[in-house]
Structures are given as C-alpha cells and as structure tokens.
Amino acid sequence: MNFKEHVIKKIVDMTELDREAVEKAIEIPPDEKMGDLAFPCFPLAKIMRKAPPVIAQELAGKMSDDDMIDKVQAAGGYLNFFLNREKLISAAVTAVNASGDDWGKSDIGANRTVLVEYSSPNIAKPFHIGHLFSTAVGNSLAKIYAHLGYNVQSLNHLGDWGTQFGKLISAYKRWGDREIIEKNPIKELLKIYVRFHEEAEKYPELEDEARAEFKKLEDGDAEATELWKYFRDISLVEYNRVYNMLGVSFDSYNGEAFYSDKMDEIVDILRDKGLLEESDGAQVVDLSELNMPPCIILKSNGATIYATRDIAAALYRHRTYDFYKNIYVVGTTQALHFNQFFSVMKKAGWDWADNCIHVGFGLVRFGGKSLSTRHGDIVYLDDVLNESIEKTRDIIEKNNSNVENKDEAAKKIGIGAVLYTFLKNSREKDIDLSWDTMLDFEGESAPYCQYGYARGRSILRKAEGIDYSNADFSKAVSDEAYSLVKQLNAFGDAVRDAAEKNEPFYVNRYVTNLTKSFNKFYNTNPIMKDDVDMDTKKARLAIVEATTRVIKTALSLLGIETVESM
Ligand code: ARG
C-alpha cells in the first residue's frame, strides 16, 4: 500500500500532468499541521489559465476522500493531503516489523559494483585521527551502498611504497632492534625514521644510501624486499587492531606497492597519446587549459610518483571490477591531486574516469589543536578510542546503569560516540572533537541514539508475553505516534540521499531525529503503565518494536552498534 503513489494517481487522473511531473512536484509540507503531502498547483497555471489558488480550490472541491485519504485541503496555491493515520501507521509498522533488519533496503544497485576506497594509512607511520575520519566515512558509505543493493568492494590503498622505504631500511639497518620494535612497532619505526632525518642533516650521504636502498627494493632485491614486507606486516597488525575495534574490514589491501609494476604501461599509454611533455627533465601532462598545475608522471630520475600509481590503480580497478563508481574517501587537502589525475585520465580518453569520485573531508582538531604528523604532536587513534571507552565506562558507573556487561557496553558506546562525531555534519566541514559533545547522553550523539534504542528494548522486555502482532492501530493515532511512524517510512529516502551525495550525515541526522521523535512518543504516550488498556498497549508496543528496529539498522549503516540496556 503506497500512499504517495495513490495521491500521485489521484492528481494525474484529474489534471493533464503526467506521472513523472506530479511525482517530481509533490512535497512534504514544512509543518505537519499542513498535512502529509502537498502538491503545488503552479505548473498547472499555464495549462489551465487560472491562478494557482483558484486551481487548488477547484481540485480540492472535486477530489473525493477515500479510505487512504482523510481530507484534501486547498491552502494558497497548494493542495494539501491528509492521509488516513490508522491505515498508514498499520501499513508501515507491519512492514517494518516484517522486514527484520532490512528496512530501507532496495535493489537500485543490483548488478552494479561500487568501490569505496578508504582509510589508506601509510606503512610505518601512525594511524592518526585524520585516517579515522576517512575510515568512519568510508565504512559508512560502503554499508549504505550495500543497503541499496550495490555490490560493494572496500579497498584499503595502503601507502606502502615510495622513497621513504629506502630511508626506513637504511635506518633499520643502522639502529633497528627487532625485539624493541616488535613491542611497539609503529612508534619504534617512527622513532628510527625521525632519527634518520636528524642524522641526515649532519651527514647528507645518508640520503644517497637511502636512495640506493630504495633502488634495491624496486629491483626486487631479496633482503630489501624481506624488510619491506616485515615493516608492512607489523604495521598491519597494529592497523587491524584498530579495525577490529571499529568493526571495519576490507576486501583488498592492495596499496601503492601493488601498482609499482603496472606503471610502465601508464607511461607508454600517455606517451602514445601524445600527452607527455618534458618539463625540467620530468615527464608531465600539461593541464594549463584546466587552470591546474601539470601532473607529474615521471620524475627527472625516472622514478614514478603518487599520481602515476593512482592512475595505474584506477585502470586496474576499471579492468578488474568494471565499476559503476570508484569512490576515494580522502581529505580535501588532496583535492588538487585527485582533480589532476582524474583530468589526465579524461584526456587519455577513458570515459569511465567520470565515474571516479573524490569524496573529501575536512580537518580534525582536538580541543583546538590541529592534528598532523608533520607538527609532531600526534594524537594516536588507539588513545582516542581507549579514552572514549574509559570515559564512557565512568559515565555508566556514575549513572548507576543496570547494564549487564559494562565493559562491552562501554566499548560499543565509546566507539560509537567517536564514529558519530565524524558523521554528524557535512563531511567537508572541519571538526573540533570534544569529549563533552561526543559523550553527551542527552545531546546529539551516539549515546543519545543508543539510549533511545535501549529504552525501547527495555519496554519490549517488560511486555514479554503480550502478543501484539495483530494490533489495532486505531488505538495509536496520536500526533506523536503518527509523526514517528511517518519518519520510519522516510528511512529509505535518507539512505538514498546519503548515497547520492556520498554524505553519511543524512543517515546520521535521520536516526537522531527519529530518536528525538521516539522520546517524545514514549513520554507522551504511556505504554506499560497500569492504566493503559490492553489494545492501546499492543498498538504502541508494535510501534516501539518498529522504531527500535529502524534505529538499530540506521546506526549500523553508520558503523555504530547498539546495546540492549544502558
Ligand atoms: N596514504 C595516503 C595518506 O595517508 C592516502 C591515500 C589516498 N588514496 C589514494 N588513492 N591516493 O595521505
């Protein structure tokens, strides 16, 4: 039973407009008092040669109510539809409860592959909070696309190649101690890497040594390769610890190194197409007609660089996955880089380059300090997550919560709180992390939504034994119930909007508003109180179940888990 379709059909039958035009024009009124759906009569003014308010009056007069529509009202140039509350609530709640965890799912993505590249930390460098931003957004987008039926591949484009590996190998050979490193791989590798830079200022010949080491690595020297692999493996162990905490996984860890043998082809293709030109000894693609600096493909010493590896990766992905979209979740600070290599691919005549999308995000500050490896004062991701978990644990303790497994709850809430913060606003906005906001159980936060969910679950536990599967919804048509259930219906739109704009915050805002409406509902519509009659109880319980299902599903699309009590 689709109410919107029904309204569209009614309008089409009475006017000369076609289905698409009506569907496009129909909107949800800004104020619920103005009805559930509104049709602006302005496009009809020309055809009917009358003023929109007159048309609205006429149509309202002619339009008969039926069992799905309670009344039709003209207001200015609008035709406002008030739907049958009982029918709508009954249809939606029954459908949600029958859907399991699948509410909002669709098959618009069937037979289409979407690649989501995210996280992509640099080997032997700390996984910092900027990478967490990418991980939070990418993981959520991957889940959102999957909910819409796309075949999703999560890719981690590890920064595991480049001249820095020559430096690291040479530093390791000089000062590396396996035993110490294994206790704390990334911190220790970073230490010797920083030491290399300090010493190289005094002894510049170290730079030559590092270059020679990288050359050996590029040439497949056994010892250099073994060390490179070792650095990569121990770094991945650490990253995986964080990924496990976050519940994130990847289908591929093919990083920059994977493409190192696929770059000659790129150079050949670009040369054959006459796109390469020399500039100070380097081979570049001129992009001046697009007002961009040239894209460097080969350095003067013949070494390929970041952009070339990215072009090789994109071609490989095109051939391997024949993608519908190839999404890169990387900070907006790299926008020019993406713009440049996308442009090179377009100049090469690859029409699929249009389906490569840079999904950028802003900078992260913590208590006002900006976070960057270059400035030394790095905020480590594990530390942030662990601190969040500890603080949550304190709050749970202070609230005298009756949650069963406090450690597990603290973990889900603490991590959820951090993830939510990254997905709360339009992603290009810079964010300033603050514990007070992240862990505000009453404000717009993960704990707030998780609390709403737990509250609903506790109501359902109290109702154990009551069979509400055939509830009579005429008992639950209050404004609060109606408004809440209409929101349940809107979940699919939020998921589609999020995918269309690559903005998980549509889902975040959705679940926050849904939880707010749910709070209002159960505060004004008592459920398990003694003086509530059984039929009303049943109808309200069915609504509670539907809402908890949708809160859980929506949070899961953000990568956030729920707890059964809080
Ligand atoms: N490893 C890079 C960094 O940490 C991010 C990689 C982005 N992805 C890409 N295809 N260039 O800055």
Side-chain angles (χ1 to χ4, degrees), residues 117-136 138-139 154-197 210 213-214 216-218 220-260 306 309-310 313 328-331 334 364 371-386 415:
E117 183 212 289
Y118 61 96
S119 203
S120 311
N122 299 319
I123 294 301
K125 298 261 180 70
F127 189 139
H128 61 74
I129 200 128
H131 290 122
L132 178 60
F133 204 156
S134 167
T135 310
N139 179 47
S154 293
L155 313 179
N156 194 333
H157 188 78
L158 292 173
D160 58 1
W161 204 247
T163 47
Q164 71 271 27
F165 284 91
K167 296 176 187 171
L168 197 59
I169 291 173
S170 126
Y172 180 83
K173 282 188 174 167
R174 285 169 175 271
W175 315 294
D177 179 330
R178 228 169 235 247
E179 221 173 286
I180 297 178
I181 288 176
E182 257 144 54
K183 281 197 196 109
N184 219 331
I186 291 181
K187 279 188 186 145
E188 291 303 327
L189 289 179
L190 186 66
K191 229 191 236 168
I192 58 170
Y193 183 69
V194 169
R195 179 162 173 196
F196 180 90
H197 279 271
E213 291 292 357
F214 185 57
K216 279 202 241 161
L217 182 60
E218 282 191 303
D221 171 81
E223 187 198 30
T225 306
E226 194 266 326
L227 279 175
W228 168 83
K229 202 173 156 331
Y230 171 65
F231 299 146
R232 192 179 188 272
D233 287 347
I234 55 176
S235 300
L236 270 176
V237 169
E238 275 201 50
Y239 302 148
N240 277 324
R241 210 176 49 229
V242 176
Y243 294 142
N244 283 338
M245 275 174 105
L246 297 170
V248 166
S249 62
F250 296 91
D251 299 298
S252 162
Y253 288 87
N254 285 343
E256 295 187 42
F258 180 78
Y259 302 102
S260 58
Y306 191 47
R309 287 193 277 274
D310 258 323
Y328 299 83
V329 185
V330 182
Q334 295 193 31
V364 186
L371 299 156
S372 153
T373 29
R374 256 167 285 149
H375 298 107
D377 53 344
I378 313 153
V379 178
Y380 284 90
L381 186 54
D382 311 34
D383 296 346
V384 176
L385 293 178
N386 285 324
I415 288 175

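Because the structure is a prediction, the values reported are computed rather than measured. We number each residue from 1, following the sequence as shown.
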Residues Lys191 and Glu188 bridged, charged N to O under 4.0 Å: yes

Full working for side-chain contact (heavy atoms from CB on, under 4.5 Å) between Leu189 and Ile234: CA-CA 10 Å; Leu189 289 179; Ile234 55 176; 3.9 Å; yes

Aromatic plane relationship, Phe250 with Tyr243 - under 30° parallel, 30 to 60° tilted, over 60° perpendicular: perpendicular

Between [X] and [Y] (side chain of the first, backbone of the second, donor and acceptor by atom type, cut-off under 3.5 Å), is there such a pair?
| X | Y | value |
| --- | --- | --- |
| Asn386 | Asp382 | yes |
| Asp160 | Ile123 | no |
| Asn122 | Lys125 | no |

What pairs with [X] under ring-ring contact (aromatic ring centres under 6.0 Å, His included), at least two apart in sequence or on another chain?
| X | result |
| --- | --- |
| Phe196 | none |
| Tyr239 | Phe127 |
| Phe133 | Phe361, Phe422 |

Ring centroid separation Phe214 to Trp161 under 6.0 Å: yes

Tyr306-Gln334 side chain donor-acceptor pair, cut-off 3.5 Å: yes

Leu246/Leu385 under side-chain contact (heavy atoms from CB on, under 4.5 Å): CA gap, chis, key distance, verdict: CA-CA 9 Å; Leu246 297 170; Leu385 293 178; 4.0 Å; yes

Point-to-point distance, once rounded to the nearest 0.5 Å, from [atom1] of [X] to [atom2] of [Y]:
| X | Y | atom1 | atom2 | result |
| --- | --- | --- | --- | --- |
| Asp177 | Lys183 | CG | NZ | 8.0 Å |
| Leu217 | Leu168 | CG | CG | 10.5 Å |
| His131 | Leu381 | NE2 | CG | 10.5 Å |

Arg178 to Tyr230, cation-pi by 6.0 Å centre distance and 45° axis angle: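 Geometry flag: set, cation within 6.0 Å and 45°.
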
Exceeds 12 heavy-atom contacts within 6.0 angstrom, atom NZ of Lys229: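 Result for NZ/Lys229: open.
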
His157/Tyr328 under side-chain contact (heavy atoms from CB on, under 4.5 Å): CA gap, chis, key distance, verdict: CA-CA 9 Å; His157 188 78; Tyr328 299 83; over 6 Å; no

